[in-house]
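One structure is given here, and the rest of the page talks about it.
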Number of protein chains: 2
Amino acid sequence: MKTRHDNTRQHVLETGQRIIAGKGFASVGLNEILTAAGVPKGSFYHYFESKEQYGQALLEDYFARYLADLDALFAAEALSAQERLACYWQRWLDKQAACAEQQCLVVKLGGEVADLSDPMRETLRDGTGQIVSRIARLLETGMADGSIPPLDAAATAQTLYQLWLGASLLAKLQRQAQPLENALQFTRQLLSC
Amino acid sequence: MKTRHDNTRQHVLETGQRIIAGKGFASVGLNEILTAAGVPKGSFYHYFESKEQYGQALLEDYFARYLADLDALFAAEALSAQERLACYWQRWLDKQAACAEQQCLVVKLGGEVADLSDPMRETLRDGTGQIVSRIARLLETGMADGSIPPLDAAATAQTLYQLWLGASLLAKLQRQAQPLENALQFTRQLLSC
DNA sequence: AGGTTTGATTAGACCGGTCGTCTAGTTTCT
DNA sequence: AGAAACTAGACGACCGGTCTAATCAAACCT
């Protein structure tokens, strides 16, 4: 029997993602996640080897969704590459502004988890790498279609992503969207100078 | 009697800073810090009200040092403002490259602590604000002495700090200095175009 | 078909560590 | 000597992740 298995597992992952995105990894206990999910504690170790491995699975799941969204947006052929990219940043800003509880697990967990668990760190590293390379690819598309001025795509993609990560962190600390707006304005300048 | 008081208190703060910079806040217990410091547990609650208040004090202490360093560097009159700033970024890169264990508590604790403790969040918010405004001030100095091209000082300072925070996070995830080098190169371009 | 086996799933006990408290003791200064 | 600052570390209540044993579902086999 696979369906129930997968459902329960996925349900635990999703519930945990919401809670952990709010409170962090170490400070949340399995109890909290499992009671919220309505899944008995005992089941946990049937689906996951340990909390660490669970965390890794959670991040993998997160990036899978994130990248799927990204691919959907970046493939929108009705828009120029520049417009698609602008839409990406705007969404980032909107999402973070909408609810105070962090959405971006890279910002939320990156610092905490990097020296705590190698598997989780590697998942974050690979996930962010994928994001940056997709941005770079879109920048190249934009240079080809003329909607983006010529730049070093890889370096620029990394710079922009770094900028937005930092902006998210500051926005989190300030509980304001202003740092993100600053990033947006700068991004606009950079991609159309 | 103040001296011993301050010494013990300070010693606990410094020991904790090292440990917490490596492992994060929630995942470290008071025990670990106190045994490392050679201070018995019982003393802790003489100097601090709670773990949270201790964390806040720790951050305040961290920013006090950081800003003192910054002021020392930024006041170096032998150098142009641009050189002073370049030196700041270079130091940031060197420090992070030197030891894998994070130095920058903003990157390490920002995400974790922001939704965990308001006093700690506010301390981080104020500290980063101070850093950004010092950078902005130096940018203005640089524009005045001609070593830095004319820009919106406040916005640029924030952008650069954001960029470097994000770069630190990625460097942490990758265990490589490359993201920081990317930030450095971009910073150079920006401040001398 | 009906009993049996197999594996998926659950329940909750378990040990160790957490933070924070509290009382007794020691040091230090007046 | 006495008062205040400080230290000592046992203690309690609780919660963490882990594991073993019991339960359940369903698929198999004669």
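Lettering follows sequence order; numbering is per chain, from 1. The structure presented is a predicted model; accordingly, all values stated were derived computationally and were not measured.
- Atom CD in A:Q53 sits roughly 14 Å away from atom P in D:dG17 (whole-Å rounding).
- Taking B:E112 as the reference, nothing meets the side chain to side chain donor-acceptor pair (under 3.5 Å) condition, with sequence neighbours excluded.
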Sequence neighbours excluded and cut-off under 3.5 Å, please list the side-chain donor-acceptor pairs for residues 141-155 of chain B, or say none.
from   : atom 1 : to     : atom 2 : distance (Å)
B:T141 : OG1    : B:R137 : O      : 3.0
B:D145 : OD1    : B:S147 : N      : 2.7
B:D145 : OD1    : B:S147 : OG     : 2.6
B:D145 : OD2    : B:A81  : N      : 3.4
B:S147 : OG     : B:Q82  : N      : 3.2
B:D152 : OD1    : B:A154 : N      : 3.2
B:D152 : OD1    : B:A155 : N      : 3.2

Under 3.5 Å donor-acceptor pairs involving side-chain atoms of residues 124-131 of chain A, not counting sequence neighbours:
from   : atom 1 : to     : atom 2 : distance (Å)
A:T128 : OG1    : A:L124 : O      : 2.9
A:T128 : OG1    : A:R125 : O      : 2.9
A:Q130 : OE1    : A:R134 : NH1    : 2.7

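- Applying the salt bridge (charged side-chain N to carboxylate O under 4.0 Å, His left out) definition to pairs two or more places apart or across chains, those involving residues 28-56 of chain A are A:K23-A:E32.
- Here C:dT9 presents its P atom at 15 Å from CG of A:L34, a figure rounded to the nearest Å.
- Nearest-nucleotide positions on DNA chain D for B:G42 and A:F44 put B:G42 closer to the 5' end.
- We find that CZ of B:F48 is positioned 12 Å from P of D:dC6, with the value rounded to whole Å.
- The shortest distance between the side-chain N/O atoms of A:S43 and the OP1/OP2 oxygens of C:dT9 is not below 4.0 Å.
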Between protein and nucleic acid, restricted to nucleotides 2-4 of chain D and to nitrogen or oxygen atoms under 3.5 Å apart, what atom pairs and distances do you find?
none

Tabulate protein N/O versus nucleotide N/O from nucleotides 13-18 of chain C, keeping only pairs under 3.5 Å, one per line.
none

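- Partners of A:E181 according to the side chain to side chain donor-acceptor pair (under 3.5 Å) rule, which considers only residues two or more places apart in sequence or in another chain, do not exist here.
- Of the N and O atoms on the side chains of A:Q178 and A:N182, not one donor lies less than 3.5 Å from an acceptor on the other residue.
- Annotation: side-chain contact (heavy atoms from CB on, under 4.5 Å) contacts of B:R91 (sequence neighbours excluded): B:L73, B:C87.
- Checking the phosphate oxygens (OP1, OP2) of C:dC19, no side-chain nitrogen or oxygen of B:S50 falls inside 4.0 Å.
- The salt bridge (Lys or Arg N to Asp or Glu O under 4.0 Å) test applied to B:R84 returns no partner, not counting sequence neighbours.
- Of the side-chain N and O atoms in A:H46, none sit less than 4.0 angstrom from OP1 or OP2 of C:dA8.
- When rounded to the nearest whole Å, the span between OH of B:Y54 and P of C:dG20 equals 13 Å.
- Between B:Y47 and the phosphate of D:dT7, there is a side-chain N or O to OP1/OP2 separation shorter than 4.0 Å.
- A:R121 and A:D115 are not joined by a salt bridge, as no carboxylate oxygen comes within less than 4.0 angstrom of a charged side-chain nitrogen.
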